[in-house]
Number of protein chains: 2
Amino acid sequence: MPGNLTADLTLDCGDCPIRHRAVCARCDSDELQSLDEIKYYRSFEAGQSIVWSGDRMEFVGSVVSGIATLTQTMEDGRTQMVGLLLPSDFVGRPGREAAAYDVVATTDLVMCCFRKKPFEEMMMRTPHIAQRLLEMTLDELDAAREWMLVLGRKTAREKIASLLSIIARRDATLKLSPSNGTMVFDLPLTREAMADYLGLTLETVSRQISSLKRDGVIELAGKRHVTIPDFDRLLEEAGDDNDGGMLA
Amino acid sequence: MPGNLTADLTLDCGDCPIRHRAVCARCDSDELQSLDEIKYYRSFEAGQSIVWSGDRMEFVGSVVSGIATLTQTMEDGRTQMVGLLLPSDFVGRPGREAAAYDVVATTDLVMCCFRKKPFEEMMMRTPHIAQRLLEMTLDELDAAREWMLVLGRKTAREKIASLLSIIARRDATLKLSPSNGTMVFDLPLTREAMADYLGLTLETVSRQISSLKRDGVIELAGKRHVTIPDFDRLLEEAGDDNDGGMLA
DNA sequence: AGATAACTTTGACCCAGATCAATCCCGAGA
DNA sequence: TCTCGGGATTGATCTGGGTCAAAGTTATCT
């Protein structure tokens, strides 16, 4: 099992191309084995819904590639994104019957799924997996609460900067970022999706991105390819001033 | 152990005046015993800080009486409340060293505390306690995400109605509500605290409360004593239209 | 009872972000 | 290459909620 910076949070899972952050590294090979037996892959196309809020959810699993979002919708159509799922993120609630949110693939997506029942049984038999899931859920709770501050108190410009810093930070964890300090990545979200995450309209998102670009905080090539010349500057714009360490 | 509607989520704990929702009812008396050995009570005055964000937190526990809040603050003083802790709510993170938020008693408060280390050890020995904590944390995560919708997409009036419905619902679970359908309770928060929870200013909170009162959605006796003549009406105003089932 | 201070309400005005409405851009397909 | 269509941008205008300011209300303390 090759070590890396998240080694203690992850588990190589058979021939799975990603390391599941869901499950802890102390798992021995028997547990690995039983994980392998209940797992399968599913692919989704960009825009495809994975589950609807209220649906029975028969699996849990990790995102292998692509991006998915968790959203809530009011009767009149107002929507709020409540989570962004990037590769290695865990999806689903052991112990819950129904999905609480709409889960949608925003890009082409591959998931590594575990059938829920057997996964739950394994969790019962393997106390430190429940403990690891508790830890992960606490992380998600922190991320959600951090996001409450963004939604409740930050300006549109700060909101955009916060979102960019999260994506940049997260992206940098996956692909190593160029060493001169600049960060480069592709925005995985449309302006509309960003607006739904930030509690804004897509027009405001567009205007603020233009403004950040004008001010040299970010550079844009095409609509999606972003360069951050100075990450600390971005954090300042986000009102975080050092950490900004949210993220699901 | 007297049964009540939350029996399967709670545990009578020695001479403790509340039932801890933290720990599951399947605990046998040995576990009860070990809980008793590591527990102690602490009182806090209204306005007193319980822990500051970043401080070492040496206990976990339940609120016995009174109200506490979790808040985050930006350098420039903007604050966002991210959690409201009512009697029987659990406080603290097994497995976490430092507090992530400021925890403040907004009324006089009594907590039943367990020293963190021994509690964590008991959690290790008792798998279904970790599972129960996971379940609770998932509930909190749902509540936080529900609140993201409130913060990101609801109008000021809807925000106030949402908060009132949460408090009313929660209060009704504790003291049984009068059977004619009206609900009566005392607001446990100042206008400013409500504003911090809702991402508003205290002036806007005051105006919207006056407006809801003018429209007969709520009745006020003094500044704090609230009567809800028609709870469904309140839920409509909150934009929830049936459920509104958030809450920490 | 009177006084002080903390909380609340209400008013007047302003502005960040929403809304409505054109374009504009760029990638996919013929 | 042209054309089509779904983002994305930009402009003009409007408005919900913020800001600043002045009373009004309790509650507590002496």
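Below, chains carry the letters A, B, ... as their sequence lines are ordered, and counting in each starts from 1. What's counted below: heavy atoms across the whole structure, side chains too, no hydrogens, waters or symmetry copies.
Here the C1' atom of nucleotide C:dG17 and the CE atom of A:M194 are 16 Å apart, to the nearest Å. Remark: P of D:dG24 and CG of B:L202 are 18 Å apart, rounded to the nearest angstrom. In this structure, the NZ atom of A:K159 is 9 Å from the C1' atom of C:dG17, given to the nearest Å. As a whole-Å value, the separation of B:L212 CG from C:dT9 P is 12 Å. Residue B:L220 contributes atom CG, which lies 12 Å from atom C1' of C:dT9 at whole-angstrom precision. When the C1' atom of C:dA16 is taken as reference, atom CD of A:E203 falls 14 Å away, rounded to whole Å. Atom pair B:I160:CD1 and C:dT9:P shows a separation of 10 Å (rounding to whole Å applied). We find that NE2 of B:H225 is positioned 16 Å from P of C:dT8, with the value rounded to whole Å.
Counting non-hydrogen atoms under 4.0 angstrom, A:S206 reaches a base of the nucleic acid. As judged by a 4.0 angstrom heavy-atom cut-off over every strand, B:I209 is placed among residues making no nucleic acid contact. Residue B:G47 is out of contact with every strand shown, counting any heavy-atom pair closer than 4.0 Å.
Out of C:dG17, C:dT9, D:dT9, the shortest distance to the side chain of A:K223 is found at D:dT9. Closest approach to the A:L200 side chain among C:dT8, C:dA18, D:dG17 is made by C:dA18 (side chain taken as heavy atoms from C-beta onward).
We find that A:R93 and B:D139 are not joined by a salt bridge, their nearest charged nitrogen and carboxylate oxygen being 4.0 Å or further apart. Taking the charged nitrogens against the carboxylate oxygens, A:D89 and A:R170 do have a contact shorter than 4.0 Å, which makes a salt bridge. A salt bridge links A:R157 with A:E237; the closest basic N to acidic carboxylate O contact falls under 4.0 Å.
Between C:dT8 and B:R224, a contact under 4.0 Å exists linking OP1 or OP2 to a side-chain N or O. One finds a side-chain N or O of B:S210 lying less than 4.0 angstrom from the OP1 or OP2 phosphate oxygen of C:dT10. Contact annotation: A:R207 side-chain N/O to C:dA18 OP1/OP2 distance is not under 4.0 Å. Residue B:T201 places at least one side-chain N or O under 4.0 Å from the OP1 or OP2 atom of D:dG18.
The neighbour count for B:Q48 CD, taken as heavy atoms of other residues, nucleotides or ligands under 6.0 Å away, is above 12.
Exactly one of B:T73, B:L151, B:L198, B:L70 qualifies for a side-chain contact (heavy atoms from CB on, under 4.5 Å) with B:Q80. That residue is B:L151.
Annotation: of the two residues near DNA chain C, A:Q208 and A:G222, the 5′-most nearest-nucleotide partner is A:Q208.
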